[in-house]
4 protein chains.
Amino acid sequence: MIDFLPDKPIYQQIMEKIFGDLLKGNVKPGDRLPSVREYALEFGVNANTMQRVYKELELLHLTETKRGQGTFVTEDMQRLEELREEMKQTLVTTFLNQMESFGFTEEEIIVQLSSRKRGELN
Amino acid sequence: MIDFLPDKPIYQQIMEKIFGDLLKGNVKPGDRLPSVREYALEFGVNANTMQRVYKELELLHLTETKRGQGTFVTEDMQRLEELREEMKQTLVTTFLNQMESFGFTEEEIIVQLSSRKRGELN
Amino acid sequence: MIDFLPDKPIYQQIMEKIFGDLLKGNVKPGDRLPSVREYALEFGVNANTMQRVYKELELLHLTETKRGQGTFVTEDMQRLEELREEMKQTLVTTFLNQMESFGFTEEEIIVQLSSRKRGELN
Amino acid sequence: MIDFLPDKPIYQQIMEKIFGDLLKGNVKPGDRLPSVREYALEFGVNANTMQRVYKELELLHLTETKRGQGTFVTEDMQRLEELREEMKQTLVTTFLNQMESFGFTEEEIIVQLSSRKRGELN
DNA sequence: GTGGTCTAGACCACG
DNA sequence: GTGGTCTAGACCACT
């Protein structure tokens, strides 16, 4: 299939996975995340790459670093909810824009969505 | 907002534009496309960049090159329809997978889509 | 399939066709060939392109031009035989070199040739 | 001799060399290939030219690129075998078609092949 | 250091 | 005038 959507950088993919875990509640506010080194091993990536993931998460205020203790999920539920909402809007808007830019009608979109919803989401 | 969607390379953006024109029927099968140099001027990019666009389009069998004569839109309507269908499916599937990976429920998706559909698609 | 063998220029394809006609005896020594314009029409190519074909054929001493009368196939049978022999050797040598450069064994070549020889030659 | 076989572009020649190395087993699946810049030096070509080579190899699924890490030979042995087989068939078929188009008989082909096989393959 | 993108400009083959 | 190849060199993103 056409790859108009290029591979995403590894650090983003990992970020998205962690972000997803948060949004899905797999990880709770206040939880301590694995250390950079642990995660680096788990994902099989370079420690530098994992560093960057944590750095970006912190910039989003999704995590907080406590010196010598590790990295923790923010307890700021409001922030989480905000990001979740932003994310939802962005994804939906981007999707609709793309569909429109390729000339798909609203009806086609609905039909295709309906037919997929019942299939595997993978 | 989070930039999970990084800037795409110029040549891809142009490709998508032309692809969209095709799918939307703005450009007809058999039509001669502007020359590499003409398009390069129009889009304000280097001729090499434009050349790459045409090369990629040719790999997708969307265009055909006739030596010294120019680049033409494929007359293979079936191929076009195929790509259009593939594209639709890919975009929808990718969208739903993303939504799911961030833990959005089916209902949320529907609500968000409905509220956007009536707004500007941009 | 992989196209390591890029499209040949039109004038070469036409040259080869005429050359093949000569070698196969479809055209006899001394025969008058169609005019540039006639051929250009027949092949649907630009007259310039056809001009080039004739020019190249003349360089190979396969044809002779008589002013105001047209282009004629050489009567020099020896020259024809020479070219035929050269051609055979070149094609075979090139073929074997290519096969070897891709690491095909002599046995594989023989097997593949045998299996093809009995099939359609196109 | 007649040059029906024009110079191939540099990037294709390099591609074929690497492809040959793969088919001959000089390079093993999973091996890391020299970096774009290293190869560019070795072959005395521009880095962009080498980049193109790698890109085309990737399109054939012969190599895989890992960001920031380098280019690796595919571990997909089946894909390799497929390409090898395709290549063999294409070369043989093309050869036989050419011979036929120039009016060489089956017997002539066999004789010429036999006489060459014992000589240097170059 | 790795690959990827882009520019600028030259040169060629082809029609 | 058309597309195709190649070079030289800059800059970026990623690991």
Side-chain angles (χ1 to χ4, degrees), chain A residues 6-15 40 43-53 55-56, chain B residues 3 6-15 32-40 43-58 63-72, chain C residues 6-15 36 40 43-53 56, chain D residues 3 6-15 32-40 43-58 63-72:
Chain A
D7 285 347
K8 289 177 196 164
I10 292 175
Y11 80 87
Q12 273 192 15
Q13 295 175 32
I14 297 178
M15 267 181 77
F43 289 129
V45 300
N46 189 296
N48 289 335
T49 304
M50 208 48 225
Q51 272 288 19
R52 172 149 190 192
V53 171
K55 189 180 133 204
E56 304 261 351
Chain B
D3 188 6
D7 283 348
K8 289 177 196 164
I10 293 175
Y11 78 87
Q12 274 192 14
Q13 296 175 34
I14 298 178
M15 262 181 80
R32 183 177 176 285
L33 293 175
S35 78
V36 167
R37 290 160 173 91
E38 282 167 349
Y39 249 157
F43 288 129
V45 300
N46 186 286
N48 287 334
T49 303
M50 207 47 227
Q51 189 119 354
R52 168 140 194 203
V53 172
Y54 272 13
K55 203 196 154 194
E56 304 263 349
L57 288 173
E58 199 167 3
T63 59
E64 289 165 12
T65 291
K66 297 184 189 166
R67 321 157 197 275
Q69 298 187 37
T71 300
F72 298 80
Chain C
D7 285 348
K8 289 178 195 162
I10 292 175
Y11 79 87
Q12 273 192 16
Q13 295 174 36
I14 297 177
M15 267 181 77
V36 165
F43 289 128
V45 300
N46 188 297
N48 289 334
T49 304
M50 209 47 225
Q51 271 288 19
R52 173 151 189 192
V53 172
E56 304 261 351
Chain D
D3 190 5
D7 283 349
K8 291 175 196 165
I10 293 177
Y11 78 86
Q12 274 192 14
Q13 295 174 35
I14 297 179
M15 260 182 81
R32 183 178 176 285
L33 292 175
S35 79
V36 167
R37 291 161 174 92
E38 281 168 351
Y39 249 157
F43 289 129
V45 300
N46 186 284
N48 287 335
T49 303
M50 205 48 225
Q51 189 119 351
R52 167 141 194 203
V53 171
Y54 272 14
K55 203 198 155 194
E56 303 263 350
L57 288 173
E58 199 167 2
T63 59
E64 289 165 12
T65 291
K66 296 184 189 167
R67 319 157 201 276
Q69 298 186 37
T71 300
F72 299 80

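A note on names: the letters A, B, ... follow the listed sequences, proteins ahead of strands, and every chain is numbered from 1. As a basis for the values below, the full set of heavy atoms in this structure was taken, side chains included, without hydrogen atoms, waters or symmetry mates.
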Rounded to whole angstrom units, what separation is found between the [atom1] atom of [X] and the [atom2] atom of [N]?
{"X": "F43(D)", "N": "dT5(F)", "atom1": "CZ", "atom2": "C1'", "result": "18 Å"}
{"X": "I14(B)", "N": "dC6(E)", "atom1": "CD1", "atom2": "C1'", "result": "11 Å"}
{"X": "N46(B)", "N": "dG9(E)", "atom1": "CG", "atom2": "P", "result": "9 Å"}
{"X": "R67(D)", "N": "dC12(F)", "atom1": "CZ", "atom2": "P", "result": "19 Å"}
{"X": "M15(B)", "N": "dG4(E)", "atom1": "CE", "atom2": "C1'", "result": "16 Å"}
{"X": "L57(B)", "N": "dG4(F)", "atom1": "CG", "atom2": "C1'", "result": "16 Å"}
{"X": "E58(D)", "N": "dG4(E)", "atom1": "CD", "atom2": "P", "result": "6 Å"}
{"X": "R32(D)", "N": "dT15(F)", "atom1": "CZ", "atom2": "P", "result": "15 Å"}

**Request:** Could you say whether G68(D) or Q69(B) is positioned toward the 5' end of DNA chain E, judged by the nucleotide with the nearest heavy atom to each?
**Result:**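 The residue whose closest nucleotide sits nearer the 5' end is G68(D).
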
**Item:** Comparing N48(C) and R52(B) on DNA chain E - which has the more 5′ nearest nucleotide
**Value:**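 The residue closer to the strand's 5' end, by nearest nucleotide, is R52(B).
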
**Message:** For the backbone of S35(B) and the side chain of E38(B), can you confirm whether one donor and one acceptor N or O come within less than 3.5 Å of each other?
**Reply:**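 Here the side-chain-to-backbone pair exists.
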
**Asked** Under the 3.5 angstrom rule, does the side chain of R67(D) hit a backbone N or O of K8(A) as a donor-acceptor pair?
**Response**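 Looks like yes, one N/O pair under 3.5 Å.
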
**Request:** Give a yes or no on whether a salt bridge exists between K55(D) and E56(B), defined as a side-chain N under 4.0 angstrom from a carboxylate O.
**Result:**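 Yes.
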
**Request:** Could you check which nucleotide pairs with dC14(F) in any of the strands shown, counting Watson-Crick or G-U wobble with both distances under 3.5 Å?
**Result:**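 Paired with dG1(E).
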
**Request:** Give the nucleotide from the list dT15(F), dC6(E), dC14(F) with an atom nearest to the side chain of T49(A).
**Result:**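 The listed nucleotide nearest to T49(A)'s side chain is dT15(F).
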
**Request:** Would you indicate which nucleotide in dG15(E), dT5(E), dT7(E) comes nearest to any side-chain atom of Q51(D)?
**Result:**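 Out of dG15(E), dT5(E), dT7(E), the nucleotide with an atom closest to Q51(D)'s side chain is dT5(E).
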
**Asked** DNA chain F: I10(A) or S35(B), which has the more 5' nearest nucleotide?
**Response**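 That would be S35(B).
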
**Request:** Between V45(D) and R37(B), name the one whose nearest nucleotide on DNA chain F is closer to the 5' end.
**Result:**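 Taking each residue's closest nucleotide, the earlier one in sequence belongs to R37(B).
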
**Message:** Does dC14(E) have OP1 or OP2 under 4.0 Å away from a side-chain N or O of Y11(C)?
**Reply:**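 Yes.
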
**Request:** Please check the phosphate of dG3(E) (OP1 and OP2 only) for any side-chain N or O of T71(D) closer than 4.0 Å.
**Result:**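 Checking T71(D) against dG3(E): at least one side-chain N or O falls below 4.0 Å of OP1 or OP2.
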
**Asked** Do E58(B) and T65(B) meet the criterion of a side-chain donor-acceptor pair at a distance under 3.5 Å?
**Response**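 Yes, side-chain donor-acceptor contact under 3.5 Å.
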
**Prompt:** How long is the gap from OG1 on T49(A) to CD on Q12(A), to the nearest 0.5 Å?
**Reply:**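 Answer for the OG1-CD pair, T49(A) versus Q12(A), is 12.5 Å.
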
